[in-house]
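Inspection log for the structure reproduced underneath, given as structure tokens.
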Amino acid sequence: MDLELKGKRAFVAGSSDGIGRAIATGLAAEGCAVMLCARTQEKLAALAEELREHGGRVEYVSTDLDRPEDISAAVDAMKKEFGGCDILVSNNGGPNPGEFRSMTEEQWLAGYNRTLMSTVRLIRGMLDDMIAQQFGRIINVTSISVKQPVQRLLLSNTFRAGVTGMAKTLSDEISRHGITVNNVAPGYIRTGRQTQLFTDRAEKAGITVEDVRAQVTANVPMGRIGMPEEIAHLAGFLASARASYITGTTIPVDGGLNRGLM
Ligand SMILES: NC(=O)c1ccc[n+]([C@@H]2O[C@H](COP(=O)([O-])OP(=O)(O)OC[C@H]3O[C@@H](n4cnc5c(N)ncnc54)[C@H](OP(=O)(O)O)[C@@H]3O)[C@@H](O)[C@H]2O)c1
């Protein structure tokens, strides 16, 4: 299947590691020009060099997605370097874990800023150009928590629902301009973030990280944790010409973890 991604310009947020890195790698391998974005410059520089081996252009912008002014600068860098954006992958570090009674006002606002507003700001920065060119692919990395809340991930459970509502509404407003808006909802995927969350759960329960991993795995119908590349494959398809009639959806990649019918 030809995904027709060659030469498309992709901005991948949170892409020095984990799921974002796998998505950026997949898009570069398909011939996209890619703008990497995360906080740690050294990791971005090393990845950019690695991905240039696929033959396409790869640039990076060091950005703290928690800061609106950094997002504006990253959007400007995308316009300056690539002249616009065809594919926007909105991804970021996850919000902090915790439970309702211990969550402070400050932590609520930080979760809102990180998970909902970074997505809003990235899309707002790229959207006018996508409308002008009558083409765009917007892919938000959310979580299986939008289908079924995850224990101790109150902020994720709350604000990813917000991203989902925003994306659905936006898809209704802009799909006539050749722009699709979709969410990819990972289940348990092997990344640094996952290790942090398993460590948090293990500490709270007084068990080992390996115990947590075994408990989680036992609840996944496929009997294993997913790999970041398995998210990237779906993101690559949604970014492609082949996904031209898919918009406003949330697609889980979770090995069957979500038992809901829809
Ligand atoms: N892994 C899972 O099982 C899973 C499941 C469901 C949902 N998710 C969600 O998917 C997203 C990606 O998760 P992941 O597992 O790939 O995480 P990860 O391995 O921790 O990678 C996060 C990436 O985002 C960057 N990042 C973090 N905070 C940032 C900030 N403030 N500004 C800019 N870049 C930032 C990191 O680089 P720097 O640190 O250098 O900035 C890194 O490149 C998260 O929102 C996570 O909650 C993950």
Side-chain angles (χ1 to χ4, degrees), residues 11-26 34-48 51 60-75 77 89-98 110-111 113-119 121-122 139-164 183-201 212-213 216-217 219-220 224-232 234-235 250-255 257-258:
F11 183 101
V12 187
S15 51
S16 65
D17 227 328
I19 291 168
R21 179 188 176 109
I23 294 174
T25 302
V34 177
M35 178 67 85
L36 303 170
C37 157
R39 290 169 302 184
T40 316
Q41 184 152 349
E42 307 80 68
K43 280 204 227 167
L44 291 169
L47 181 60
L51 297 190
Y60 62 88
V61 57
S62 180
T63 307
D64 184 347
L65 291 161
D66 288 345
R67 293 161 55 94
E69 59 275 28
D70 274 27
I71 294 182
S72 296
V75 168
V89 179
S90 171
N91 175 53
N92 196 350
N96 291 332
N113 186 55
R114 174 169 301 172
T115 301
L116 178 58
M117 288 314 294
S118 70
T119 306
R121 290 176 185 128
L122 282 167
I139 299 161
N140 305 309
V141 176
T142 62
S143 169
I144 201 62
S145 66
V146 303
K147 299 277 184 187
Q148 179 174 286
V150 180
Q151 261 184 2
R152 290 194 50 75
L153 290 189
L154 176 65
L155 298 176
S156 173
N157 299 339
T158 303
F159 295 118
R160 294 194 198 282
V163 171
T164 308
N183 309 312
V184 176
Y188 291 105
I189 307 298
R190 193 175 292 277
T191 66
R193 158 87 174 166
Q194 189 199 69
T195 304
Q196 277 170 13
L197 293 179
F198 283 3
T199 305
D200 169 74
R201 246 198 238 186
V212 174
R213 205 181 298 283
V216 163
T217 306
N219 195 32
V220 178
R224 66 176 177 85
I225 303 286
M227 297 304 289
E229 293 70 24
E230 295 180 290
I231 307 293
L234 174 61
T250 291
I251 305 179
V253 182
D254 67 350
L257 177 69
N258 168 42

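Each ligand, and each atom within it, is numbered from 1 in the order the structure gives. Hydrogens, waters and symmetry mates play no part in the numbers below; they use all other heavy atoms, side chains included. Just so you know, these numbers come straight off a predicted model, no measurement behind them.
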| said: Once rounded to the nearest 0.5 Å, what's the spacing between atom CZ of R114 and atom CG of L65? | reply: 9.5 Å
| Got a salt bridge between R224 and E230, using NZ or NE/NH1/NH2 to carboxylate O under 4.0 Å? | yes
| query | Sequence neighbours excluded, which residues qualify as side chain to side chain contact (heavy atoms under 4.5 Å, CB included) partners of L47? | reply | R21, T25, L36, E50, L51
| remark: Within the heavy-atom cut-off of under 4.0 Å, ligand 1 is lined by G14, S15, S16, D17, G18, I19, A38, R39, T40, T63, D64, L65, D66, N91, N92, G93, G94, V141, T142, S143, R160, P186, G187, Y188, I189, T191, G192, R193
| field | Exercise: identify the closest heavy-atom pair between T115 and V163 | value | O-CG2, 3.4 Å
| remark: The residue among D70, L44, D64 that forms side-chain contact (heavy atoms from CB on, under 4.5 Å) with R39 is D64
| task | Kindly say whether V150 contributes a backbone atom to a donor-acceptor pair with the side chain of N157 at under 3.5 angstrom? | result | yes
